[in-house]
Structure formats: C-alpha cells, structure tokens
Amino acid sequence: MQATVPLQPAPVASAPRNGRGMSVEDCQLLAALPIAAGVVHLDEEGELGLDAWNPKFIETITGGQLHLDARAILKAAAGGPIGAFLKAYLADPANAPDEMERQDGSGVHRRYFRLKAAPLGGAGAMRRCLLSLVEETQEKRTQEHLRNQMLQCSLTGLPNRLAFTDAIEAVAGDKARADGYAILLVDLLRFSRINQSMGSVVGDELLISFASRLVGGLRDGDMLARVGGNEFGILFSVKGGAGDAVRAAERIARLIEEPFTLSDLDIRVDGAIGIALLSHGEDGEELFRNAQFAVKQAKLAGKPTIYEPEQAVAARRRFSIETELRRALERDELDLAYQPLIELKTGRVTGFEALARWNHAERGEIGPSEFIPVAEESGLILELGRWAMDKAARTLSGWDNAEGQVLPINLSVNLSAIQVARDNVSEMVGTTLRTHKIGGERLTIELTESAIVQDPARATKVFEAIKGLDANLAMDDFGTGYSSLAYLQRLPIDLLKIDQRFIKGMLSDRDSIAIVRAILGLADALGMKTTAEGIESVELATTLAGLGCAHGQGFHFSKAVDAKRALAYWRAREEKALREGTIAASPIGRVRHGRA
C-alpha cells in the first residue's frame, strides 16, 4: 500500500489496540479475524483515525516489520488515494466504492494489495468502517509470469504473435506514431520440406539461426517476433513511407540470402516478405492480416510486396463468391445459356455451346470470368462441371422431345483442366449420356491447352476414354497456350477453336490473319474441323468462310440465350435455309460433328 510520505518505524503491540468506541469484546473479535483488518473512523473535522487493528494488519502492510506504528501509516496515507477512498466510503457507504487495488514499491520489491471496506456502527457523529487488507503480490507475480510465457516463443525467446499484435495495437492507437510505422512479415519458404527431410531438430536449429540473423538486421526501436511456425514479424518505423518500407524489406531479403550452415550442410532459404503500413486507429489483428495477405501476393510476385486494399477487397469478394456459389449449386440457382455454332458456308445452326450463367438474387449477374476461377480454386469446379454436363444433356433431350425427333444439333460443354486432373470424366460423361439417352456423337467436350500441358499422360487417357463414348473433342482458345504439335498429332482431337483475339483483329492486323491462316492450314493437314470465336461482323464471317473455316460463333449471329430461345433460333435458321434452298426438305437424321 503506497503512502504519501515515507513510513517511520514506531512501536506497536501484537494485540489489537483499543480505540474510541471499541469494547474489549470488539477488540477480541478483531484479533480473531484470519485476515488483516482494522477499524477506521472519520471524525467531525473530517479527519481519519484508526481505532484498532489486529497483528496481521501490520504484518501485511509492512511485509513482516511489526515494529511499525499502524496509526502513523494511516496518517501518512490519509492524504493520498487511500485516504480519499476511505473518506468517500465513510461519507456515503451506500453509494461509494467499497474496495480498491493498490501497489507499493517498484521492480522486484513491488507489492500488490486489495482494500475492502465494510460499514460499522458509529458513536455519535463519528462514522466507522472495518478495513480489511489482502495481499495479492504472489498471485499478481504468477499472473505476470504466465502472461510473459504466453507472450514469448519458447524456442527463439522472441515475442510471439499475441505480443506482436499487442505492440501493433499500441502503436496504431498512438496518433503521433501510427502513421510512421509499418509491419514487415517474413515467411520462411520451403521450411516444411527442410523439416521433413532433415528432421525437427535441424528445423528448430534453422529457425533459431534465422531469428538470430534477423535480430542482427534490426535497427534501434524495431521489434522482432516469431508469429507462426515459420513466420517472423518486424514492427519498425518508416520515415519515408512506402518507399522506406520496401527498402527495409529488400535489406532483410539480402540478409537471408547467405546460406545457413546446419549439420555440416549449407542450406539456402528464401523468404516471402509482405508489408503493411500502419494507420491510426486500425485494429492490430486486422493490420496483421493485411501483412499476411501481402505475403501471399509476395509469393506470387517473387519480391517484397506492400498490402493493397483493393486486392484484399477482391480476395474477400472471391471468398464470398465461393460461399455463395456453393449455396447456389445446392439450390440449383445457376443456369446454362446456349450460343449458336454456325456452319459458315450454309448459315445453318449445327450446334450450341453451353455456357454457365449465374444471376445472383442480390448481386445481379456474376460473369463466368469471375466465378469459374473461384470454382477452380476452391474445388467446386468438379460439382459445377457435373451439373453443367447433366443440364446440357437434359436440355438436348428436351429439344428432341419438343420436336418429336432427334435434332441435327451438337452441344459443346466446357471441361476444366482441374476436372481432367481430379474427376473421373469418362464415367461422368458416360453416365450423363445414358441417363438422358443421348448419343455420344452429339456431344463435344471443349478443353483448353492447359488440360494437356499439366499432365499429358493423364490427359491422353481421359481423351481416349471420351472418344470411346463416341463424343467429340475440341481444343478451346487454340493459339493462346503452350501445346506442342506433338500433342495435336497424338491426341484424338476433332476440332480446333480459334481464339477470338486473333479473329477480331483479322481485318486490320496482318499478323492476326497470318495466325488464322496457319491454324486453318494445320487443322486441315491433321484432318480437324475449325470453329472461329468472336465473329462480330458479316465481313469477318465471309472472310473466314473464304479461308476455309468450317464453323463460327459470335455476336454477329447471336449472343448466348436461354434454352427456349435457342431452340426457337434453330427453328428460324432452318426455315430460312429451306426458303433460300440452302438445304433440301428431307427427314432429319443424326449428324456427326467431328473429325473429317
């Protein structure tokens, strides 16, 4: 308990002192209390006095120095917070606080107390209370020890993540300092591989050496912490803003380039470094997550990267879309739209490409360029792909039923490279064809070149299994990937789809038309059909037909429409072809759209 003036030794008896209004029996009861206690009064002049106390009262206050005078102690404390507490309580016991915490001394000699006041009857105008005193020094020291353990990494001795985020919050809460600080997060790459191949002992040694090297690169005032298994955080001041932060990150990157010698081996490590600049009032945990996001971006960029809020907003949107896409698939809230595939020489509709569409109840239309990558990243592409295959086949079967005959229409369905890698594609396609009683020749599976490049051996098996179902195979966006001519020659591909970026520039760009000519010549040599994407004018359609391109699709003919309008579009084109004599009026049979 802290006094306002130094306490001076004074003799004191080991039994309770008898004071004003205190009977012998009261003193005996006070002496029998197992806690430190004394009776305090407030007289008419507003002065505090000590009527009686038990030996434990002096022992607790003085830490065992029983020769001190209790009345002198109270008098010394009367002008400080303790005196104010007691006077307030004695003046109005019903409404004033009845306990307080105090501490005395400093450093290893600091002691902690809890004071508790309870009302007693007074004599005349004098008010009295029982003041009990509990020492909590041991409990507080235990709590501090546990907290220190909670805030420290036992392996490196550095502060841990909790201590780091506490420090971030302290700086962010200080308006004068917040804008001059940054968080630098270092992720030790390939650590798990080192740990698995060389053992956890070497892994721990690497972490300690890594931490020691980072400590050597700190400036005065910087804080280093181990914030994860192989992650280290640095809280540092930046006078030059973002530029200063990047230079500091580059300095740290150079620092860890030198190999670490462990178990007689020179081990080189890389670190992905993310940076987040502090702003006044921001949440410490949120700032730390910003730095973690920057680390992910740094891994992709291969260099220290500063957190950009716009990128984080996009990441949160992707996560939100993933959650809602999962729900949409469960509730069958997606649909397919169908874009016509036109035979360029005759103008007839020979088929449709089925394209996934998502009209969100609140967000409105979400384009496939946004939700397909999310589906691939999350693994939902397997469920989405199976849904699209089933929906397309069901639509084609429904068209046949509506017309009372098997239509000369082929449906193209896109398949993701991830589906090729993870799903049993041939089983899925076969089940779909059997379920809806569709012949395999009426289905074209479209894949991008990445499906081949990622795992050529598996892709070959999948393609051959699909061909075993009589289905057709098309390589989508041809010319934009990295496939070799050997793949084209070896794989059972029926159709090359020329990417629209070459088609749209044909009439004004000699390079584009040269590429289109080359692709058409290649396809012809390999016995493949061709489809041009992105035809938006009659001039493009005419030019492509003259160059020998078999089919085309694009807004010049029609955008993707729903199943009902797609069937109506086919009917209209068929009627037009009959009127113009492009086709003869004959029974409609099965048509194979594939390798010539």
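- Crowding of Glu258 atom CD: a count of heavy atoms from other residues, nucleotides or ligands under 6.0 Å not exceeding 12.
- In this structure, Lys497 pairs ionically with Glu533, as a charged nitrogen and a carboxylate oxygen lie closer than 4.0 Å.
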ask   = Is there a side-chain contact (heavy atoms from CB on, under 4.5 Å) between Ile252 and Leu214 once you walk through the steps?
value = CA-CA 7 Å; Ile252 295 296; Leu214 289 177; 3.7 Å; yes

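- The CG atom of Leu336 sits 10.5 Å away from the CE atom of Met389 when rounded to the nearest 0.5 Å.
- Closest non-hydrogen pair, Leu235 versus Ile168, comes out as CD2-N, 4.2 Å.
- In this structure, Arg213 is positioned above the aromatic face of Phe260, its NZ or CZ under 6.0 Å from the six-membered ring centre and within 45° of the axis.
- Around atom CD of Glu377, no more than 12 heavy atoms belonging to other residues, nucleotides or ligands sit under 6.0 Å away.
- Summarising the geometry of Ala276 relative to Asn290, their closest heavy-atom pair is CB-CB, 4.0 Å, with the distance given to 0.1 Å.
- In this model, no donor atom of one side chain and acceptor atom of the other lie less than 3.5 Å apart for Gln419 and Ser416.
- Looking only at side-chain heavy atoms (C-beta outward), Leu411 and Tyr338 come within less than 4.5 Å of each other.
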Trace of the side-chain contact (heavy atoms from CB on, under 4.5 Å) decision for Ile535 with Gln553 = CA-CA 6 Å; Ile535 299 177; Gln553 65 185 103; over 6 Å; no

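- For the pair Leu329 and Leu384, the minimum side-chain heavy-atom distance is below 4.5 Å.
- Heavy atoms of other residues, nucleotides or ligands lying less than 6.0 angstrom from CZ of Arg517 number 12 at most.
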Stepwise salt bridge (charged side-chain N to carboxylate O under 4.0 Å, His left out) test for Arg268 and Glu257 = CA-CA 7 Å; Arg268 291 185 178 275; Glu257 284 178 353; over 6 Å; no

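- A distance of 10.0 Å separates CE in Met428 from CG in Leu433, rounded to the nearest 0.5 Å.
- Ring geometry for Phe232 against Phe210 counts as tilted: the plane angle lies between 30° and 60°, on a 0 to 90° scale.
- Residues Glu365 and Arg357 come closest through the heavy atom pair OE2-CD, 4.5 Å.
- Under the 4.5 Å side-chain criterion, counting only non-hydrogen atoms from C-beta, Phe352 is in contact with Trp570.
- Side-chain atoms of Gln292 and Asp187 form no donor-acceptor pair, as typed in the model, at a separation below 3.5 Å.
- A distance-only check finds no donor-acceptor pair linking the side chain of Arg318 to the backbone of Val374 [under 3.5 Å].
- The closest side-chain heavy-atom distance from Thr350 to Asn410 is not below 4.5 Å.
- Once rounded to the nearest 0.5 Å, the distance linking OG of Ser397 with CD1 of Ile438 reads 4.5 Å.
- Contact between Ser512 and Phe502 at its shortest, heavy atoms only, is CB-O, 3.4 Å.
- Ion pairing between Arg327 and Glu333 fails under the 4.0 Å rule for side-chain N and carboxylate O.
- A salt bridge links Lys467 to Asp494: one of the charged nitrogens lies within less than 4.0 Å of a carboxylate oxygen.
- Residue Gly347 comes nearest to Arg573 through the heavy atom pair O-NH2, 2.7 Å, listed as atom of the first residue, atom of the second, then distance.
- Minimum interatomic distance between Val269 and Arg190 (heavy atoms only, all atoms of both residues): CA-NH2, 4.3 Å.
- A donor-acceptor contact closer than 3.5 angstrom is absent between the side chains of Glu353 and Gln339.
- Remark: the Asp335 side chain and the Asn359 side chain contain no N/O donor-acceptor pair separated by less than 3.5 Å.
- Under the 4.5 Å side-chain criterion, counting only non-hydrogen atoms from C-beta, Leu334 is in contact with Phe371.
- The shortest side-chain heavy-atom distance between Trp358 and Glu324 falls under the 4.5 Å cut-off.
- Remark: Arg442 does not engage Asp470 in a salt bridge, criterion side-chain N to carboxylate O under 4.0 Å.
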query = How far apart are the C-alpha atoms of Val413 and Leu443, what are their side-chain angles, what is the distance that settles it, and do they pass the side-chain contact (heavy atoms from CB on, under 4.5 Å) test?
reply = CA-CA 8 Å; Val413 180; Leu443 181 66; 3.9 Å; yes

message = Under the criterion side chain to side chain donor-acceptor pair (under 3.5 Å), I'd like the reasoning laid out for Arg363 against Ser320: C-alpha separation, chi angles, the key distance, then a yes or no.
response = CA-CA 11 Å; Arg363 298 177 185 265; Ser320 175; 2.5 Å; yes

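- Using a 4.5 Å heavy-atom threshold, the side chains of Val313 and Glu308 count as separate.
- Residues Arg394 and Asp390 are paired through a salt bridge, judged by an N-O separation under 4.0 Å between the basic side chain and the carboxylate.
- Here Asp562 does not pair with Lys564 in a salt bridge; the nearest charged N to carboxylate O distance is not below 4.0 Å.
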task = Go through the steps for Phe236 and Tyr181 under the test ring pair (Phe, Tyr, Trp, His ring centres under 6.0 Å), then give the verdict.
result = CA-CA 6 Å; Phe236 62 104; Tyr181 274 77; 8.2 Å; no

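- A donor-acceptor pair shorter than 3.5 Å cannot be found between the side chains of Glu539 and Thr543.
- In this structure, Arg226 and Arg161 have side chains that are not in contact, with every pair of non-hydrogen atoms separated by 4.5 Å or more.
- Electrostatic pairing of Glu322 and Arg326 counts as a salt bridge here, judged by a charged N lying under 4.0 Å from a carboxylate O.
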key: Working for salt bridge (charged side-chain N to carboxylate O under 4.0 Å, His left out), residues Lys529 and Glu343   = CA-CA 11 Å; Lys529 296 290 185 180; Glu343 190 174 54; over 6 Å; no

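- Atoms CD1 and CD1, on Ile306 and Ile275 in that order, are 5.0 Å from each other to the nearest 0.5 Å.
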query = Please walk me through it: do Leu544 and Val516 pass side-chain contact (heavy atoms from CB on, under 4.5 Å)?
reply = CA-CA 9 Å; Leu544 286 163; Val516 172; 4.0 Å; yes

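- Side chain of Asn230 to backbone of Leu188: a donor-acceptor contact under 3.5 angstrom is found.
- To the nearest 0.5 Å, atom CG of residue Leu447 and atom CG of residue Leu415 are 5.0 Å apart.
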